[in-house]
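Scroll down for the structure; my scribbles are underneath it.
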Amino acid sequence: MYNYSEIEKKWQKYWETNNSFIASNNSEKSKYFILVEFPYPSGSGLHVGHVRSYTALDAMARMRRMKGYNVLFPMGWDAFGLPAEQYAIKNKVHPKEAVRRNIEVFKGQIQDLGLSFDWSREFATTDENYYKWTQWQFLKFYEKGMAYKGKKEINWCPSCKIGLSNEEAEGGVCERCGHPVEKKEKEQWILKMSEYADKLLDGLDETEFLDRIKTAQVNWIGKSEGALVDFKLDNSDDYLKVFTTRPDTLYGVTFMVVSPEHEIINKYKDKITNISEVIKYKEEASKKSEIERTDATKEKTGVKLEGLYAINPVNDEKIQIWTSDYVLTNYGTGAIMAVPAHDERDYEFAKKFGIDIIEVIKGGDISKEAYTGDGEMVNSGVLNGYTNKQDSIKKMLEYLEENNIGKKTTNYRLQDWIFSRQRFWGEPIPMIYCEECGWVPVPVKDLPVTLPDVTSYEPTDTGESPLANIDSWVNTTCPKCGKAAKRETDTMPNWAGSSWYWLRYMDAQNNDEFVSNEAMKYWGMVDYYNGGMEHATRHLLYARFWHRFLYDNGLVPFPEPFKKRVAHGMILGENGEKMSKSKGNVVNPDDMVKSYGADALRTYELFIGDYEKDAAWSENGLKGCKRFLDRVYRLKDKVVDGFVYSKELDNIINKTIKKVTNDIESMKYNTAVSALMILTNEFEKLDKITKADYKTLLILLNPIAPHITEELNEMCELGKAIVNCNWPEYDEAKTIDETKEIGVQVNGKVRATIEVNINMDDEEIKNLALDHENVKRHIEGKEIVKVIVIKGKIVNIVVK
RNA sequence: GCGGAUGUGGCGGAAUUGGCAGACGCACUAGACUUAGGAUCUAGCGGAGCAAUCCAUGGGGGUUCAAGUCCCUUCAUCCGCACCA
């Protein structure tokens, strides 16, 4: 019927030559910044899932432009990091070359979809004049004391030969390859993210993230209020410090537990009479994978530290100390006070090892289980008689502070960000080590520290970065004293480049600054940020942290980067399972564009269902959308001159403008498409439609199917290109029907429908309802109790 | 275990937020036009029933003139977190 491929190419070229989507940094218009997460240009090419979210935000961008906004809708490439490096190793090409090729493929695929990105602002995180600024910002962290080098026991993947952040080692397995993670000590660059816990929490108030995304952020930060309490060690001046959220139960402490890695074990190895047994336990624990260790359902294990005791500071009781792997090294102080009567885990442990259980809160049956509820305090010295948790905690905190044995503290799950990676394909950390001067930052004038061109970029067996093998790169001079010195060979994590990229889009060609202040002041927060739910914790947290740090140091003018954050659902295979090569249910967007056209693919992916929910692919569904576009195309033969809406269509056109506008705004694309289908159905019923009718349909459909609508607009000589048109306005009065069919119920069951006029009063409607044949039949011989008339909705007659 | 989400025809999904459940699309059925149709058009399409009507939004209960929508309870599926002291 028509050659969609030709039409698509034609209009894509038109938009390009007319700079239709280039955003201006100097505009009188209101700004609107729409951002989609930039992709990894992976070797497997674009996924239909990308098409969904890009098209969705593209529709929003196109509508906003027509509404008169200056829209920034940029695209770039997150090209550093493990996936790119592993792809390069596997395919025996330099990562630089692999990335270049993959970007080319990705970009071509994206352009074939007619997405209205502003390509003049495109960059990759691997561009030297981008990562120069990533390095520059790292130096700011260093300069402000927010980056430090620390010896940390890190998560080590023996398969990938790389250190992983806690986040990447979730569940005790490597996120990339699934191999169990081991522990290894290593000097690491670390960013003090934990210092920002409260700011990251409070900052959420300035955003309009989806609730589930906010919740995910809050949980990840994991703030809990409690107390640090000092337990003096018996026959020593040393203290064992614990963190507890339940200081009110201090009188119920019958033992303490330290993590197997706790320093106290080594420190008191001479005093612990069963030290060999303890060491054996520790070794066993370290051999266990994280997944085994953190399996909450497994039976508790542990060893008593014989000969070592602590003193309960509130009642001077002598308390035994144990070590067990249910106490984590990296949370709190790595040691706990155990209150078996009122904590499930402690209860289980005490039961197993026959340790005393002392009740301090009444209300449960501690011979059966730990009681964690509220109740009257007993056996509790100063707390006796208190009846609720809040008051007892408050009282105990006061008592602890007055007596100098503890203090109120807040603890966070959020840890510092381990920033080093022993990899080739990342931003080199711009630091130099000098025997004389220690760590010295690379001077700003020498940035970027670039990656050398080498032939081997595979990881070394020693765990060092491949960069360590390149003497010519490693050896340099100290910027401070001029003596021979060595470069840091670790690189940054792939999260680094994505932690400020939205700022760069504002001013992507700037060679003097990472972004100009004017550009940041003009564009401000990202208005709409779309990404996958899998990035709603880490990436979002890192990005917010990074941005907030820049803000605190006067480098950006606003504290939170993203106003709204939304998440798209996944597109599943036709069988309802996640698309994967092994399942053979992968749909290639290129094939779909070839067979049905970009417009049909775009329309279908928006029509597929609720944007936030997962949806199964259906090629028949796509065909249906192609048919819909064909029907819109055929309407062109009905077009006659006319600059006003046809009388028969006036109301529905106004209604549709309203619906489509609101739906695109609120990301309810599926119902927007459906409304346009309904409008098309109405057009088809008539022999003739006016140019005005058709033009409005085409404009409303344009954000969804931009090519065919432009073509039809031109073919029918409906005026200037749609991309330059204004979004249509609607007349609220015309969205309300003069007459309407409403249901008439008798005792809640629909018995008839009547046609009512908008001007009728309740009495008229009531009489009309009572007069209906079928209604009469149902109320005959019965007493009318009351008649409920809801204007424009329903009539309900209650009879007895 | 804790937290979050979801549950509506054969399928994807609508339902102005308490007001005619199933919009729109897919699949399917019958017919028309055709040498042909994976094109197009017309009609039908939750279940039962000739029909009037009855039943139906995971199950059970409740509030209401009126419940997919609100409350209680229960089941199922998916996704997070997972010994966080």
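What you are looking at is a predicted structure, and each value in this text was computed from that prediction instead of being measured. Every chain is numbered from 1, with letters handed out A, B, ... down the list of sequences.
As a whole-Å value, the separation of L606(A) CG from G13(B) C1' is 15 Å. When the P atom of G13(B) is taken as reference, atom NZ of K668(A) falls 15 Å away, rounded to whole Å. F628(A) has its CZ atom 17 Å from the C1' atom of G13(B), to the nearest Å. Y347(A) places its OH atom 19 Å from the C1' atom of A85(B), with the value rounded to the nearest Å. Between the NZ atom of K300(A) and the P atom of G1(B) there is a distance of 15 Å, rounded to whole Å. Distance NZ (K223(A)) to C1' (A85(B)): 18 Å, rounded to an integer number of Å. At whole-Å resolution of the value, CG in L622(A) and P in G38(B) are 18 Å apart. For the pair K623(A) NZ and U40(B) C1', the computed distance is 16 Å after rounding to whole Å.
A 3.5 Å limit on both hydrogen-bonding distances identifies C81(B) as the Watson-Crick or G-U partner of G1(B). For U53(B), the paired nucleotide is A48(B), the pair qualifying as Watson-Crick or G-U wobble because both relevant distances are below 3.5 Å. Across all strands shown, the partner of U6(B) is A76(B), judged by Watson-Crick or G-U wobble contacts whose two distances both fall under 3.5 Å. For C41(B), the paired nucleotide is G31(B), the pair qualifying as Watson-Crick or G-U wobble because both relevant distances are below 3.5 Å. Base pairing of U63(B): no nucleotide in any strand meets the Watson-Crick or G-U wobble criterion (both distances under 3.5 Å). Pairing of C11(B), defined by two Watson-Crick or G-U wobble distances under 3.5 Å, is identified with G25(B).
A distance of 10.5 Å separates CE in M337(A) from CZ in F243(A), rounded to the nearest 0.5 Å. Between the OG1 atom in T696(A) and the CD1 atom in I657(A) there is a gap of 5.0 Å [rounded to 0.5 Å].
Relative orientation of the Y542(A) and W417(A) rings is parallel, given thresholds of 30° and 60° on the angle between their planes. The aromatic rings of F349(A) and Y326(A) lie tilted to each other, with the angle between the two planes from 30° to 60°.
For the pair C625(A) and T244(A), both in contact range of RNA chain B, the more 5′-proximal nearest nucleotide belongs to C625(A).
Look at G47(B): its glycosidic torsion is beyond 90° from 0, and that puts it in the anti range. With its glycosidic angle within 90° of 0, U17(B) is assigned syn.
For U8(B) and U57(B), the C1' atoms lie 4 Å apart once the distance is rounded to whole Å. The separation of G7(B) from U69(B), taken at their P atoms, amounts to 11 Å, rounded to a whole angstrom. Atom C1' of U63(B) sits at a distance of 15 Å from the matching atom of U73(B), rounded to the whole Å. If you take atom P in U77(B) and the same atom in C28(B), they sit 32 Å apart, rounded to whole Å. Comparing C24(B) with G46(B), their P atoms are spaced 12 Å from each other, to the whole Å. Taking the C1' atom of each, A67(B) and A56(B) are spaced 14 Å apart, rounded to whole Å. Comparing the P positions of G44(B) and A23(B) gives an interatomic distance of 12 Å, to the nearest angstrom. The C1' atoms of U42(B) and G47(B) are separated by 26 Å, rounded to the nearest whole Å.
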Going through the checks in order, is the salt bridge (Lys or Arg N to Asp or Glu O under 4.0 Å) test met by K351(A) and E369(A)?
CA-CA 10 Å; K351(A) 275 280 175 191; E369(A) 59 181 358; over 6 Å; no
Working note: E682(A) + K685(A), criterion salt bridge (Lys or Arg N to Asp or Glu O under 4.0 Å); need CA distance, chi angles, decisive distance, verdict.
CA-CA 5 Å; E682(A) 292 300 316; K685(A) 287 178 190 163; 3.0 Å; yes
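With salt bridges taken as basic N to acidic carboxylate O contacts below 4.0 Å, none links K626(A) and E619(A).
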What nitrogen or oxygen pairs link the protein and nucleotides 3-12 of chain B at under 3.5 Å?
unit_1: G12(B); atom_1: O2'; unit_2: I608(A); atom_2: O; d: 2.6

Check nucleotides 63-66 of chain B for protein N or O atoms closer than 3.5 Å to its own N or O atoms and list the pairs.
unit_1: C65(B); atom_1: O2'; unit_2: N796(A); atom_2: ND2; d: 3.0
unit_1: C65(B); atom_1: O2; unit_2: N796(A); atom_2: ND2; d: 2.7

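Using a 4.0 Å heavy-atom criterion, one finds that N662(A) contacts no nucleic acid atom at all. Across all strands, H342(A) comes closer than 4.0 Å to no nucleic acid atom at all (heavy-atom distances).
Two residues are said to be in side-chain contact when any heavy atoms from C-beta on lie closer than 4.5 Å; K766(A) and V795(A) fail this criterion. Inter-residue side-chain proximity for L305(A) and W322(A) is flagged as unmet; no heavy-atom pair is nearer than 4.5 Å. Put simply, the side chain of V218(A) reaches to within 4.5 Å of the side chain of L201(A), judged on heavy atoms.
With distances taken from any side-chain atom of L328(A) to the nucleotides U40(B), A15(B), A85(B), the minimum falls on A85(B). Comparing A21(B), C83(B), A15(B) by their nearest atom to the side chain of T671(A) picks out A15(B). Out of G13(B), U53(B), C26(B), the shortest distance to the side chain of N620(A) is found at C26(B). Set against C83(B), A15(B), U53(B), the side chain of D325(A) has C83(B) as its closest nucleotide.
Applying the side-chain contact (heavy atoms from CB on, under 4.5 Å) test to Y239(A) and every residue at least two apart in sequence or in another chain returns D230(A), K232(A). Partners of K655(A) under the salt bridge (Lys or Arg N to Asp or Glu O under 4.0 Å) rule, at least two apart in sequence or in another chain, are D737(A). For K638(A), the salt bridge (Lys or Arg N to Asp or Glu O under 4.0 Å) test picks out no residue, with sequence neighbours left out.
Between R627(A) and C41(B), a side-chain N or O to OP1/OP2 separation shorter than 4.0 Å is absent. For the OP1/OP2 pair of A85(B) and a distance below 4.0 Å, the side-chain nitrogens and oxygens of S224(A) include at least one atom meeting the criterion. Between R634(A) and C41(B) there is a side-chain N or O to OP1 or OP2 distance below 4.0 Å. Contact annotation: K749(A) reaches the phosphate of C55(B) (side-chain N/O to OP1 or OP2, under 4.0 Å). Contact between the side-chain N/O atoms of R538(A) and the OP1/OP2 oxygens of G80(B) is not found at any separation under 4.0 Å. At the phosphate of A85(B), neither OP1 nor OP2 sits under 4.0 Å from any side-chain N or O atom of R413(A).
Of the residues in residues 673-685 of chain A, those with a non-hydrogen atom less than 4.0 angstrom from any atom of RNA chain B are S674(A), M677(A), I678(A), N681(A).
For a distance-only test at 3.5 Å, the side chain of K793(A) fails to qualify as a donor-acceptor partner of the base of C20(B).
Residues A56(A) and Y611(A) come closest through the heavy atom pair CB-CE1, 3.4 Å.
Counting non-hydrogen atoms of other residues, nucleotides and ligands closer than 6.0 Å to CD of E263(A) gives a total of 12 or fewer.
Judged purely by distance below 3.5 Å, without hydrogens or angles, the side chains of N681(A) and R631(A) pair a donor atom with an acceptor atom.
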